[in-house]
Amino acid sequence: MSFDINNLVRENVKSMKPYSSARDEFEDFDTADMIFLDANENPFQNGVNRYPDPQQSNVKSVLATQNRVSKKQILLGNGSDEVLDLIFRAFCEPKVDNVITLPPTYGMYGVLANLNNIENREVLLSSDFQPKVEQILEVVDACSKILFLCSPNNPSGNSFSDDVVVKLLESFKGLVVIDEAYIDFSEKESWLNRLSDYPNLIITQTLSKAYGLAGIRLGICYASEEIIAVLNKIKPPYNVNELTQQRALERLSEPEKIKGEIKSIMDQRAELLKVLVDVKFVEKIYPTEANFILIKVDDANKRYNELIAKGIVIRNRTTQALCENTLRLTIGTEVENKKLIEVLKQL
Ligand SMILES: *Cc1c(COP(=O)(O)O)cnc(C)c1O
């Protein structure tokens with residue numbers, strides 16, 4: 001049977017009429033000599049007195065060119081968190097449908113499942129943090145709408161093997177969301193290049209990590225035009241504000257600078273990995289393709305508190321599945337890294 005997105009969309013979403021904003025109804029933005037009296041805005045210019053472009057056309061143009069997709073394959077949100085929430089709301093019927101998540105992983109999938117009253121079927125990753133395909137397929141039923149794959153995974157740092165992801169894309173009949181928040185720190189290619197092979201694939205990325213814009217909240221969703229059209233229908237009309245669109249455009253226009261920062265972070269990651277091998281209380285260093293390192297230590301709570309006392313805040317992951325006594329260290333600047341290394345050696 002061929003894939004039809006309409007079989008996955010919630011009935012109320014299928015039948016609803018989207019809100020039509022003033023800017024949707026007259027969308028020609030470059031008409032400088034037009035007088036806009038359609039949106040009840042204050043006419044006195046201050047840079048942000050007008051509503052933002054609801055379709056973020058300029059930002060999408062740059063992303064489309066840089067990533068070789070069409071603008072119609074892109075949806076932007078107020079952080080990936082909003083994008084993920086829209087995916088839940090478009091496809092998952094509360095109290096009926098379920099999603100599958102693979103702990104230890106990003107906490108927002110479970111939170112959004114709770115919030116939307118959707119059952120979250122958790123299937124632990126293997127001990128080397130890879131998805132267990134058979135176990136996943138065993139918990140799938142006709143109401144399993146979304147499978148969340150975070151690759152590179154937070155908090156483990158590794159990415160999932162291509163074979164495993166392909167198997168899941170081919171055997172799971174719902175939507176497969178690959179969260180690529182950390183893809184820029186990995187040697188692996190993005191799954192974006194495979195978008196046209198898999199009609200059930202959704203890829204999320206963000207400007208919050210490698211692009212250094214966590215403060216502006218810009219999340220990106222890439223998928224087929226059909227999937228994006230569904231999400232577009234239900235998104236709040238002005239979900240990405242004008243200042244965010246401006247800052248995103250500025251930043252996207254300096255790819256060399258971003259590459260330089262990523263390289264510096266990756267160099268510091270290599271530096272820290274070298275040092276960690278000789279830290280006595282570090283029992284295991286997990287392979288990483290992200291801007292953080294997960295380590296297993298003798299006593300995570302104790303080491304966490306010791307680092308705080310020395311003025312360094314890291315993330316204690318000891319309560320997460322398969323993560324007993326682990327700590328997650330984000331890679332900082334060279335100066336911050338030196339300080340961290342100095343402190344680690346003192347403990
Ligand atoms: C940090 C992170 C994000 C980013 O979320 P934003 O809302 O875009 O800031 C998404 N997914 C994962 C796995 C993350 O770790």
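These numbers were taken from a predicted model, which means no experiment stands behind them. As the structure lists them, so they are numbered: ligands from 1, and atoms in each ligand from 1.
Sorted by first and then second residue, the pairs that involve residues 232-265 and meet ring pair (Phe, Tyr, Trp, His ring centres under 6.0 Å), not counting sequence neighbours, are Tyr51-Tyr238.
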Table please: side-chain donor-acceptor pairs of residues 161-169 below 3.5 Å, with sequence neighbours left out.
residue, atom, partner, partner atom, Å
Ser161, OG, Val164, N, 3.4

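Judged purely by atom type and a 3.5 angstrom limit, Asn49 uses its side chain to pair as donor or acceptor with the backbone of Phe44. A donor-acceptor distance shorter than 3.5 angstrom exists from the side chain of Asn116 to the backbone of Leu112, with no hydrogens or angles considered. Remark: side-chain polar atoms of Ser15 are paired, donor with acceptor, to backbone N or O of Glu11 under 3.5 angstrom.
Near ligand 1, residues Gly79, Ser80, Asp81, Tyr106, Cys150, Asn154, Asp179, Ala181, Tyr182, Thr206, Ser208, Lys209, Arg217 each place a heavy atom inside the 4.0 Å sphere around the ligand atoms.
Scanning for side chain to side chain contact (heavy atoms under 4.5 Å, CB included) contacts around Ile5 gives Phe3, Leu8, Val9, Phe91, Leu175, Glu226, Ile227, with sequence neighbours left out.
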